[in-house]
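First the structure, in the form of structure tokens, and then the observations on it.
What you see is a predicted model; the values in this text were computed from it and never measured. Heavy atoms only: backbone and side chains are in, while hydrogens, waters and symmetry mates are out. Along the sequence shown, residues are numbered consecutively beginning with 1.
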Amino acid sequence: MLWSLTKILLFVAAIAGLTLGAGYLMESDGGVMLTVAGVEYTLSPLMSVIALGVLLVVLWVFLKLLSLLVATLKFINGDETALSRYFDRSRERRGFQALTEGMMALASGEGRAAMDKARKAERLLRRPELTNLITAQAAEITGDKRKAEEVYKRLLQDDQTRFVGVRGLMKQKLEDGNTETALKLAETAFALKPRHVETSDTLLKLQADSEDWKGARATLNAKLKHGTLPRDVHRRRDAVLALSEAKSLLSEDSSISEREDFIEANRLSPDLIPAAAMAARSYIAKGKPRFAMRILKKAWEAQPHPDLAAAYGEIEPKETPQERIKRFQALVKPTPDHPETKMLMAELQLAAEDFPAARKALGDLWEVDPTARSLTILAAIEKGEGASDDIVKGWLARAVNAPRGPQWVCDSCHNIHGEWVPVCGNCGALDSLSWTAPPADESTGPVSVEMLPLIVGAPEPVSGEIVLSEGLDDASLEGEEADETPKEEPEK
């Protein structure tokens, strides 16, 4: 309301001012005299002002017409004008529409259609950094690897798309099995984008496959630095790589100081069984048995393992069986009920030829967790206590088809390895081996239970034992164990 009133007042004031000005000019004497072609024109002051205004309007219109003429000439000449910008915007819209359709075709697996749309988008947009990637991926879908490689190489020429080109070429080389070239490309891609998780993982795997342990550790440290790897995972894998590096040095007859990487690997991951065993052997070679015992005890408490027991035995190689039993008590004290502890102590008692003690140490392991090793130990106990050959053969027969117990099994592909390796030989996964029992169908022997009596004969009955008739198999025997307890019934 107030603003409307103000505008009215301003308008009235302007009209009043113009009226006063016009009245003043009309009352003034003199004017402007113009002579054109011998004709003299005299303009009063008011007419002079009006003529000046008309002249300014005519001049403005003339300049606008002149600019329109210049724009038309530029358009004819091909220069950018409002008209050309209009057509450019139209072409850009059609180009982005083609680009969108190409991406949709690529996502749906229509390679040919995606390539056609990419060519159309390139013609309209003239933006190769946008269209080349679609063309390369579409060429891969259609199986035109040569075309894809050609496009990826074009991407290398632009800083914005160089990483995409290197990564595309790297994946092509991996598919072709050219790991040497793929490794070099992975190093280049990692240098361009060290935070890219897929590239760093690929580089780490290729370095591990080629046993470039130093390079792999550098890549692992870079992943930790850039925050793409948890600290606990980094520590574990760094220990695995340090152990692998130390093993390669050992095979080259390197000095003791170089072999101390075993100790470093054990420090990084005390529960890594191979690192603990090799670090202990390194201390034994340097005449430091107490350090070796400390390492092995800590590792045994985390995960009892035969390799740790073997290394522990090397600390005092000349001791008697009774002395060894006494010394091993300190090792197995934290894990008295672990199956590995029971079998280890039973084997030590067997070496001392104390068969009742061996049976006591083994306990009911052959029954609650029968494995080839526990049943073989029981067969040796039976043999030592004077059992007949048929009884011993019966236990060994069950051992043939029993599970093999814990082994080095890959967590990714479940492939079984005879010894620990840093990289799975089947799927190539790094640090994927665990000491665990594989599935039953992969850990048992090839001999069928029904065929065992034909191979070794049935166990002979002893006092208090259940007699196996010709028509009964092991399943029948196990069903009767709830009613009668044999002296020592075979199980593996």
note = What one should report as the nearest heavy-atom pair of His234 and Leu220 is CD2-O, 3.5 Å

message = Within the 4.5 Å heavy-atom criterion, are Thr100 and Met103 side-chain neighbours or not?
response = no

ask   = Of the non-hydrogen atoms in Ala148 and Glu140, which two are nearest, and what is the gap between them?
value = CB-CG, 3.7 Å

ask   = Does Gly215 offer a backbone N or O that forms a donor-acceptor pair with the side chain of Asp212 under 3.5 Å?
value = yes

message = We want to know whether Ser244 and Glu211 form a side-chain donor-acceptor pair, criterion being a heavy-atom distance below 3.5 angstrom.
response = no

Separation of Glu316 CD from Arg327 CZ (nearest 0.5 Å) = 5.5 Å

key: Between Ser432 and Asp411: side-chain donor-acceptor atoms closer than 3.5 Å   = no

key: Heavy-atom closest contact (Arg112 atom, Thr142 atom, distance)   = N-CG2, 3.7 Å

message = Looking at Glu301, I'd like to know if its CD atom is crowded, meaning that more than 12 non-hydrogen atoms belonging to other residues, nucleotides or ligands lie closer than 6.0 Å.
response = no

inquiry  = Distance alone, cut at 3.5 Å: any donor-acceptor contact between the side chains of Arg154 and Gln157?
reply    = no

inquiry  = Is the shortest side-chain heavy-atom distance between Met278 and Leu243 below 4.5 Å?
reply    = yes

message = Is it true that Thr135 and Asn132 share a donor-acceptor pair across their side chains at a distance under 3.5 Å?
response = no

ask   = In Å, rounded to the nearest 0.5 Å, how long is the span from CG of Asp238 to CG of Asn221?
value = 5.5 Å

inquiry  = Under the criterion salt bridge (charged side-chain N to carboxylate O under 4.0 Å, His left out), I'd like the reasoning laid out for Glu347 against Arg324: C-alpha separation, chi angles, the key distance, then a yes or no.
reply    = CA-CA 11 Å; Glu347 289 172 343; Arg324 177 157 293 191; over 6 Å; no

ask   = Is any side-chain heavy atom of Pro438 closer than 4.5 Å to a side-chain heavy atom of His414?
value = no

note = What one should report as the nearest heavy-atom pair of Met115 and Ala138 is CG-CB, 3.3 Å

message = If the threshold is 4.0 Å, N to carboxylate O, is there a salt bridge linking Lys145 and Asp176?
response = yes

ask   = Has the side chain of Ser210 got a donor or acceptor atom that lies under 3.5 Å from a matching backbone atom of Gln207?
value = yes

ask   = Are His305 and Trp420 near enough that their ring centres are under 6.0 Å apart?
value = no

message = When you compare the side chains of Lys223 and Ser200, does any donor N or O come within less than 3.5 Å of an acceptor on the partner?
response = yes

Distance in Å, Leu229 CG paired with Arg236 CZ, rounded so as to fall on 0.5 Å steps = 13.5 Å

inquiry  = Just verifying a value: how many Å separate Leu106 CG and Ile141 CD1, rounded to the nearest 0.5 Å?
reply    = 4.5 Å

query = Considering all heavy atoms of both residues, which atom of Ala114 and which atom of Ala105 are nearest to each other, and what is their separation?
reply = N-CB, 3.8 Å

key: Donor-acceptor pair between Tyr152 and Gln137 side chains, under 3.5 angstrom   = no

inquiry  = Let me confirm one number: the CZ-CZ distance from Arg91 to Arg94, rounded to the nearest 0.5 Å.
reply    = 7.5 Å

Neighbour count above 12 (heavy atom, 6.0 Å) for Glu180 CD = no

message = So that I can tick it off, tell me whether Glu198 and Arg167 are bridged by a salt bridge, with the cut-off set at under 4.0 angstrom between side-chain N and carboxylate O.
response = yes

query = Got a sec, which residues hit side chain to side chain donor-acceptor pair (under 3.5 Å) with Lys383, two or more places apart in sequence or on another chain?
reply = Asp389

request  = Verify whether one side chain among Thr371 and Ser374 offers a donor that lies under 3.5 Å from an acceptor in the other.
outcome  = yes

message = Are the side chains of Leu174 and Leu206 in contact, using a 4.5 Å heavy-atom criterion?
response = yes

ask   = Can you tell if the side chain of Lys173 reaches within under 4.5 Å of the side chain of Lys184, non-hydrogen atoms only?
value = no

Candidate pair Asp159 and Arg162, rule salt bridge (charged side-chain N to carboxylate O under 4.0 Å, His left out), full reasoning = CA-CA 5 Å; Asp159 292 340; Arg162 181 172 291 113; 2.6 Å; yes

key: From CA spacing to verdict: salt bridge (charged side-chain N to carboxylate O under 4.0 Å, His left out), Glu149, Lys153   = CA-CA 6 Å; Glu149 183 176 355; Lys153 288 181 178 179; 3.4 Å; yes

key: For Ala189 against Thr199, the heavy-atom pair lying closest together   = CB-CG2, 3.6 Å

task = Report the relative orientation of the aromatic rings in Phe291 and Tyr283; use parallel for angles under 30°, tilted for 30 to 60°, perpendicular for over 60°.
result = parallel

ask   = Between the side chain of Ser108 and the main-chain N/O of Met104, is any donor-acceptor distance below 3.5 Å?
value = yes

key: Side-chain heavy-atom pair Asp307, Tyr312 within 4.5 angstrom cut-off   = no

query = Strictly by modelled atom types, are Asn426 and His417 linked by a side-chain donor-acceptor pair under 3.5 Å?
reply = no

query = So, do Phe190 and His196 sit near enough that their side-chain heavy atoms are less than 4.5 Å apart?
reply = no

query = Checking side-chain contact (heavy atoms from CB on, under 4.5 Å) for the pair Ile315/Leu296: CA distance, chi angles, key distance, verdict?
reply = CA-CA 11 Å; Ile315 298 176; Leu296 294 172; 4.1 Å; yes

task = Test Leu344 against Phe328 for side-chain contact (heavy atoms from CB on, under 4.5 Å), laying out the working first.
result = CA-CA 9 Å; Leu344 171 63; Phe328 266 76; 3.8 Å; yes

Spatial distance of atom CG (Leu433) from atom CD (Gln407) [nearest 0.5 Å] = 11.0 Å

query = Is it true that Lys120 and Glu101 make a salt bridge, defined as a side-chain N closer than 4.0 Å to a carboxylate O?
reply = no

ask   = With a 4.5 Å limit on heavy-atom distance, are the side chains of Leu183 and Thr179 in contact?
value = no

ask   = With a 4.0 Å cut-off, would you call Lys205 and Asp209 a salt bridge?
value = yes

query = On the ring face of Phe163, is Lys193 found with NZ or CZ under 6.0 Å from the centre and within 45° of the axis?
reply = yes

task = Take Leu124 and Glu92, measure what side-chain contact (heavy atoms from CB on, under 4.5 Å) needs, and give me the verdict at the end.
result = CA-CA 6 Å; Leu124 295 172; Glu92 189 177 68; over 6 Å; no

Side-chain atoms of residues 329-336: list all donor-acceptor pairs with protein atoms under 3.5 Å, sequence neighbours left out, distances to 0.1 Å.
residue : atom : partner : partner atom : Å
Thr335  : OG1  : Trp300  : NE1          : 2.8
Thr335  : OG1  : Thr341  : OG1          : 2.9

request  = Test Leu365 against Ile377 for side-chain contact (heavy atoms from CB on, under 4.5 Å), laying out the working first.
outcome  = CA-CA 11 Å; Leu365 185 62; Ile377 292 173; over 6 Å; no

